[in-house]
Amino acid sequence: MSAHDVEKGGLHATTPQQALGNNGVLPASYGQAVRPSRIGNPGALGLFSFASTTFMLSLYNLQTRGIHHPNVVVGMAIFCGGLAQLLAGMWEFPRGNVFGGTAFTSYGAFWLAYATILIPGSGIVSSYAGNEDELASALGIFLTAWMMVTFFLLIAALRKNVGFIVLFAFLTITFALLAAGEFSGKLGATKAGGAFGVVTAFVAYYVGLSELLSSEDMTVVSLPLGVFPKRVD
């Protein structure tokens, strides 16, 4: 177990003496319960996947180079933002990192759901043909739900580090602006959401690179995340 795992609130070492308790007998599940996970840190994979997909969609929301349709992001949303993050989340849970597992799995599901909406074969968008206002309201509710999930993760991140706090704060604002753009039909709100999304993506890249560098024993460069000291009871 590395010091980085402790900083993330992940695995906690338990000695045989601690596990013995008062009766001096090891529980039958001791070997499985306290064995450190040999799974490598999947944080960089999840963060890079999230950042890259968010970066692309945010530029589309900004209508960069005259792009008005976000459908090219579907492939990224399924395989990178969706599948890769989902796997990262599943690997975080056996490492004992409930926060990372919840965040990566949740946003992996978000990207898969968003991609499904955009896939023509799903029939979701076409079912609103001729009723674009209803579609906009439905998408606004969809984005509002994810804004709330992101805000809850922001609260959980308050005792993690500054990097995660900034990441989830900007992502909450991004979802809020995109939802406002759908509800109001104002392109300016959607573009503002795209701008905040680009910033969010670069913050995620930074945090992901920090995770990657801290996982390498021979790295000569480190990027600080502003880890808070653990409270002593």
Side-chain angles (χ1 to χ4, degrees), residues 1-13 36-58 76 80-82 84-111 146-177 193 195-233:
M1 180 182 68
S2 67
H4 181 67
D5 292 323
V6 176
E7 289 179 354
K8 290 176 63 180
L11 299 173
H12 298 278
S37 172
R38 297 179 62 84
I39 299 174
N41 183 3
L45 169 64
L47 286 161
F48 284 164
S49 300
F50 171 81
S52 297
T53 315
T54 301
F55 177 73
M56 286 182 58
L57 181 59
S58 296
M76 283 286 290
C80 191
Q85 274 202 99
L86 189 68
L87 290 173
M90 292 297 101
W91 287 322
E92 285 283 16
F93 282 120
R95 285 170 53 86
N97 188 359
V98 178
F99 177 83
T102 301
F104 288 140
T105 305
S106 296
Y107 291 116
F110 162 78
W111 284 115
W146 282 102
M147 179 197 69
M148 293 190 296
V149 171
T150 305
F151 180 72
F152 298 149
L153 288 169
L154 170 61
I155 294 175
L158 293 178
R159 287 301 302 174
K160 291 291 181 180
N161 56 60
V162 175
F164 278 125
I165 293 174
V166 174
L167 173 61
F168 286 106
F170 273 95
L171 186 56
T172 300
I173 296 172
T174 299
F175 276 125
L177 288 170
F196 271 92
V198 170
V199 176
T200 301
F202 278 106
V203 174
Y205 278 131
Y206 178 90
V207 177
L209 182 58
S210 176
E211 293 269 351
L212 182 62
L213 293 174
S214 66
S215 300
E216 298 295 326
D217 294 334
M218 300 301 292
T219 185
V220 294
V221 179
S222 62
L223 297 177
L225 290 178
V227 178
F228 298 115
K230 292 293 183 180
R231 291 178 294 183
V232 179
D233 295 330

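On a predicted model such as this, the values are computed, not experimentally measured, just so you know.
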Quiz item: Do the side chain of T53 and the main chain of S49 share a donor and acceptor less than 3.5 angstrom apart?
Solution: yes
Self-check item: Separation of L154 CG from M147 CE (nearest 0.5 Å)
Solution: 11.5 Å
Self-check item: Residue pair A44 / G208: nearest heavy atoms and the distance that separates them
Solution: CB-O, 3.5 Å
Self-check item: Shortest non-hydrogen contact between A157 and F164, atoms and distance
Solution: CB-CB, 4.0 Å
Self-check item: Inter-residue atom distance F175.CZ - T200.OG1, 0.5 Å rounding
Solution: 9.0 Å
Quiz item: Taking C-beta and beyond as the side chain, do V162 and V166 meet within less than 4.5 Å on heavy atoms?
Solution: yes
Quiz item: Between F50 and F104, is any pair of side-chain heavy atoms under 4.5 Å apart?
Solution: no
Exercise. Would you please classify the geometry between the W146 ring and the F110 ring as parallel, tilted or perpendicular, with 30° and 60° separating the classes?
Key: perpendicular
Quiz item: If you count the non-hydrogen atoms of other residues, nucleotides and ligands that lie under 6.0 Å from CZ in F151, is the total more than 12?
Solution: no
Exercise. Could you tell me which residues satisfy ring-ring contact (aromatic ring centres under 6.0 Å, His included) with F170, sequence neighbours excluded, listed by chain and number?
Key: F196
Quiz item: Relative to the ring of F168, is the ring of F99 parallel (under 30°), tilted (30 to 60°) or perpendicular (over 60°)?
Solution: perpendicular
Practice problem: Indicate yes or no: at least one non-hydrogen side-chain atom of I165 is less than 4.5 angstrom from one of F228. | Solution: yes
Quiz item: What's the spacing between K160 NZ and N97 CG if we round to 0.5 Å?
Solution: 5.5 Å
Practice problem: Would you name the heavy atoms of T102 and F93 that are closest together and state the gap between them? | Solution: N-CZ, 3.6 Å
Quiz item: Between S222 and L213, is any pair of side-chain heavy atoms under 4.5 Å apart?
Solution: no
Practice problem: Determine, step by step, whether Y107 and T150 satisfy the side-chain contact (heavy atoms from CB on, under 4.5 Å) criterion, reporting the C-alpha distance in whole Å, the side-chain angles of both residues, the deciding distance to 0.1 Å, and the verdict. | Solution: CA-CA 9 Å; Y107 291 116; T150 305; 2.7 Å; yes
Quiz item: What's the shortest heavy-atom distance between M76 and S52, and which atoms?
Solution: CE-CB, 3.7 Å
Quiz item: Where is the tightest heavy-atom contact between P224 and Y206, given as atom of each residue plus distance?
Solution: O-OH, 2.8 Å
Quiz item: Mind checking whether R95 and N41 have side chains closer than 4.5 Å, heavy atoms only?
Solution: yes
Quiz item: Atom OG1 in T105, atom CD in E92: separation rounded to 0.5 Å?
Solution: 8.5 Å
Quiz item: For G197, does its backbone N or O pair with a side-chain atom of T54 as donor and acceptor, under 3.5 Å?
Solution: no
Exercise. Could you tell me whether a side-chain N or O of Q85 sits under 3.5 Å from a main-chain N or O of G81, the two making a donor and an acceptor?
Key: yes
Self-check item: Considering all heavy atoms, the nearest A204-A51 contact
Solution: CB-CB, 3.7 Å
Quiz item: Would L47 and L167 count as a side-chain contact (heavy atoms from CB on, under 4.5 Å) if you check the C-alpha gap in whole Å, the side-chain angles of each, and the deciding distance to 0.1 Å?
Solution: CA-CA 10 Å; L47 286 161; L167 173 61; 4.0 Å; yes
Quiz item: Looking at CG of L45 and CG of L87, how far apart are the two atoms once the value is rounded to the nearest 0.5 Å?
Solution: 7.5 Å
Exercise. Flag the pair F202 / F55 as yes when their ring centroid distance falls below 6.0 Å, and as no otherwise.
Key: yes
